[in-house]
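Okay, so here's the structure we're looking at.
For clarity, every value in this text was computed on a predicted model and none was experimentally measured. Counting from 1, the numbers follow the sequence of the chain as shown.
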Amino acid sequence: MSELETVKIPDIGDVDDVEVIEVLVAVGDTVRLEDSLVTVESDKASMEIPSPAEGTVTSLLVKTGDRVSEGSDILVLDVAAASPADTARSPTEPGAADAHDNPDAEPASPAKQAVTDARDSAGAVDRQHGSATRASADNAVASQQDRESADEHHDLVVLGAGPGGYTAAFRAADLGLKVLLIERYAQLGGVCLNVGCIPSKALLHTAAIIQETRDMAAHGVSFGDPQIDIDKLRSFKEGVIGRLTGGLAGLAKQRKVSVAHGYARFQGSHRIAIDNPDSDDQEHPPTRLVSFDKAIIATGSSSIRIPGFPYEDQRLMDSTGALELGDIPDRLLVIGGGIIGLEMGCVYAGLGARVTVVELSEGLMPGCDRDLVRPLEKRLRSSFENIFTASKVTGMDSHEAGLQVSFEGGKAPANDTFDRVLLAVGRKPNGDAIDADKAGVDVDERGFITVDSQQRTNIGHIYAIGDVVGQPMLAHKATHEAKVAAENAAGHKRYFDAKTIPSVAYTDPEVAWMGLTETAAREQGVSFEKAAFPWAASGRSLSMGRSEGVTRILFDPESKRLLGAGMVGPNAGELIAEAVLALEMGADIEDIALTVHPHPTLSETLNFAAEVAEGTVTDIYIPERKARR
């Protein structure tokens, strides 16, 4: 026999009207006591409304987008469908409180208790606006049982201390949350600062200086061959890393962000274990159990491995191994002609190695338009020993003389021997390395975690950012996602809605692009017009002895709004930001063309490209375009 109960919105604190942003159950679902039914959101916080009883959902009385307040009907439950032993007791019955609560305490209904727990969470202070806001007004807070079973409790835990992770932790701390930042490495900064972006740029700068001294011979200034002290160069790189990671440790201390080192794995939706077998800290044992109200997953990515290669041979390196700079090999093979592979190829070629690159695709740097890649490839062919495209490595064997590699396709030889091999065929997300499933977080077969525009996973109080949520795997994307996640975790309403994420290859020359690429426009059937300005007509570029560059823009034929931009040449990575800002602000080509740029600079090549689009350029002659004003 049915026993129907209408579930209503409980007391939700100091807000009168909230929006239903997600309905978490469907008709026919069986729910347990305190299972989340709907998620509602105010301008201060979001909260999940728990079920006050067990039963089966017979009808839904709200939908996404509805506005509700205390006492509004949510749904109807058939509570008779639950077994009598499991049915929620009345708040006035003995034993209504959880088994782990004080049996002498006055019991409260589950819904009321959930809201009471939420109210007890610390209020966060939005320093930007100077107003107090509740840090976590939903029932997605650690239960008393989670807290009692853990060694410590935090409002927010952040898994991973790379650019995304430490940004999220610091922002959340600024908003008043008690934060624990977890990092597997001995130093903060993750892959980017320790074994990625920063050390590679330090070595690329060194390689570029060496190449510039060689190029100066054409200007009448000759230098002797460089004398490379590999230990001192390594020390310079480590010094750069040390200054940045040390600075992060200081920032964490200033913000009172707790830091834990070790491997973190979820044990539940509100509990995590941190394993650090090397720990000799009595205060923090080898395994720490932490309960939390909110979590942000920022675990990044790791290098992809090709099965069957002799990874036990240290002469086979990934990017981390290459950046250790153990020695300068006579011959280096780079497997993968993407950004990482080409950057490391430039480093080692600059230091004197003979570099060969093999790339499976038809051209280098897949994803970038060919007209931007061509000037780079032309220069690399003069500094690298070989570049084989449309080719692949089919085998590799260790020998005393080196690593013998077998090739297939393109113009690659059948086999060749190298002193070292760098494997740089991409990166895979680390979403499957933290037992996220134990928290209920969905991780796909590739290791990616799906999030919404607020960086929320399918579990409302757990967020994810950076490489683990999808392409592009770039630190500057992660840092912006981090602030969105942190601010939502602190009860604000924020969304990640960037119109474009710029990409930069710090090769020589550099390549940078943003927005719509020409390849993507053609594939998607998007109408566009293109305009380009050659750096051979740039006084600044010629004064540097570099004429191979180009700046190119795509724009809408009707509105003339900027759709995308790319450039190749020295310091292109420093120039792309203006194009990103123009796209974000909805600028058209006239806005760029009429913006006065300093002369002579490389930055004015974007201005000249816009003038080419308008037909007003005077620095080069474009006979087919007519002036429009």
Side-chain angles (χ1 to χ4, degrees), residues 163 191-193 196-212 237 240 244 319 323 337-347 349-350 364-380 383 424 471-480 498-517 532-535 538 540-541 544-554 562 564-584 592 597-598 601-609:
V191 169
C192 180
L193 265 68
C197 317
I198 302 305
S200 67
K201 302 312 168 283
L203 296 179
L204 280 163
H205 173 70
T206 299
I209 294 297
I210 293 173
Q211 186 59 51
E212 281 190 22
K237 177 203 66 167
V240 173
L244 290 173
S319 58
L323 288 167
I339 290 178
I340 294 175
L342 295 181
E343 287 183 354
M344 293 311 303
C346 287
V347 167
L364 299 178
M365 213 180 294
C368 182
D369 284 333
R370 296 301 90 193
D371 59 340
L372 298 179
V373 175
R374 275 193 294 270
L376 168 65
E377 184 170 347
K378 181 179 179 181
R379 185 171 175 88
L380 291 183
S383 57
Q471 300 287 353
M473 291 184 175
L474 297 169
H476 44 281
K477 175 179 78 84
T479 57
H480 283 263
K499 292 183 179 179
T500 185
I501 309 293
S503 295
V504 180
Y506 297 91
T507 46
D508 183 21
E510 292 183 2
V511 184
W513 67 97
M514 69 94 216
L516 190 67
T517 64
F533 183 82
W535 287 22
S538 163
R540 183 72 178 98
S541 183
M544 297 165 61
R546 302 293 291 269
S547 61
E548 74 273 20
V550 65
T551 296
R552 185 257 285 145
I553 61 174
L554 303 182
L562 185 68
M567 49 196 69
V568 54
N571 302 317
E574 311 296 334
L575 307 178
I576 196 64
E578 181 184 358
V580 174
L581 179 62
L583 183 67
E584 286 285 354
I592 302 172
H597 289 65
T601 61
L602 298 176
S603 67
E604 64 185 341
T605 62
L606 182 64
N607 170 249
F608 292 151

Determine the minimum heavy-atom distance between [X] and [Y], stating which atoms define it.
X: Val568; Y: Pro509; result: CG2-CG, 3.8 Å
X: Val504; Y: Gly573; result: CG1-CA, 3.7 Å
X: Asn571; Y: Leu575; result: O-CG, 3.4 Å
X: Ile339; Y: Met365; result: CG1-CG, 4.0 Å
X: Leu193; Y: Pro163; result: CD1-CG, 4.4 Å
X: Ser319; Y: Ile340; result: CB-CG2, 4.0 Å

Heavy atoms of other groups near His597 NE2, more than 12 under 6.0 Å: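 Atom NE2 in His597 is packed in, count exceeds 12.
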
Beyond-backbone contact of [X] with [Y], side-chain heavy atoms, under 4.5 angstrom:
X: Glu377; Y: Leu380; result: no
X: Val373; Y: Val511; result: no
X: Phe608; Y: Thr551; result: no
X: His480; Y: Ile501; result: no
X: Val550; Y: Met567; result: no
X: Glu510; Y: Pro570; result: no

Salt bridge (charged side-chain N to carboxylate O under 4.0 Å, His left out) involving Glu604 - partner list, sequence neighbours excluded: none

Holding to side chain to side chain contact (heavy atoms under 4.5 Å, CB included), I want the full list of residues that pass it with Ala582, two or more places apart in sequence or in another chain.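 Side chain to side chain contact (heavy atoms under 4.5 Å, CB included) check on Ala582 returns Leu562, Ala587, Ile592.
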
Hey, what do you get for [atom1] ([X]) to [atom2] ([Y]), rounding to the nearest 0.5 Å?
X: Leu554; Y: Thr517; atom1: CG; atom2: OG1; answer: 8.0 Å
X: Lys237; Y: His205; atom1: NZ; atom2: NE2; answer: 16.0 Å
X: Arg379; Y: Cys346; atom1: CZ; atom2: SG; answer: 9.0 Å
X: Leu323; Y: Ser200; atom1: CG; atom2: OG; answer: 6.0 Å
X: Ile576; Y: Thr500; atom1: CD1; atom2: OG1; answer: 8.5 Å
X: Leu376; Y: Leu342; atom1: CG; atom2: CG; answer: 6.0 Å

So if I apply the side-chain contact (heavy atoms from CB on, under 4.5 Å) rule between Ser603 and each of Asn607, Leu606, Thr601, which one comes out positive?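 So the option named by the test is Thr601.
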
Checking the side chain of [X] only, and the main-chain atoms of [Y] only, is there a donor and an acceptor separated by less than 3.5 Å?
X: Thr206; Y: Ala202; answer: yes
X: His476; Y: Pro502; answer: yes
X: Thr605; Y: Leu602; answer: yes

Please determine whether salt bridge (Lys or Arg N to Asp or Glu O under 4.0 Å) holds for the pair Glu548 and Arg546, giving the CA-CA distance in whole Å, both sets of side-chain angles, and the decisive distance to 0.1 Å. CA-CA 6 Å; Glu548 74 273 20; Arg546 302 293 291 269; 2.6 Å; yes

Does anything in residues 201-210 pair up under salt bridge (charged side-chain N to carboxylate O under 4.0 Å, His left out), and if so which pairs, sequence neighbours excluded?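 Residue pairs passing salt bridge (charged side-chain N to carboxylate O under 4.0 Å, His left out), neighbours aside: Lys201-Glu343.
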
Going by distance alone, is a donor N or O of one side chain under 3.5 Å from an acceptor N or O of the other, for Trp535 and Ser547?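 No donor-acceptor contact under 3.5 Å links the two side chains.
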
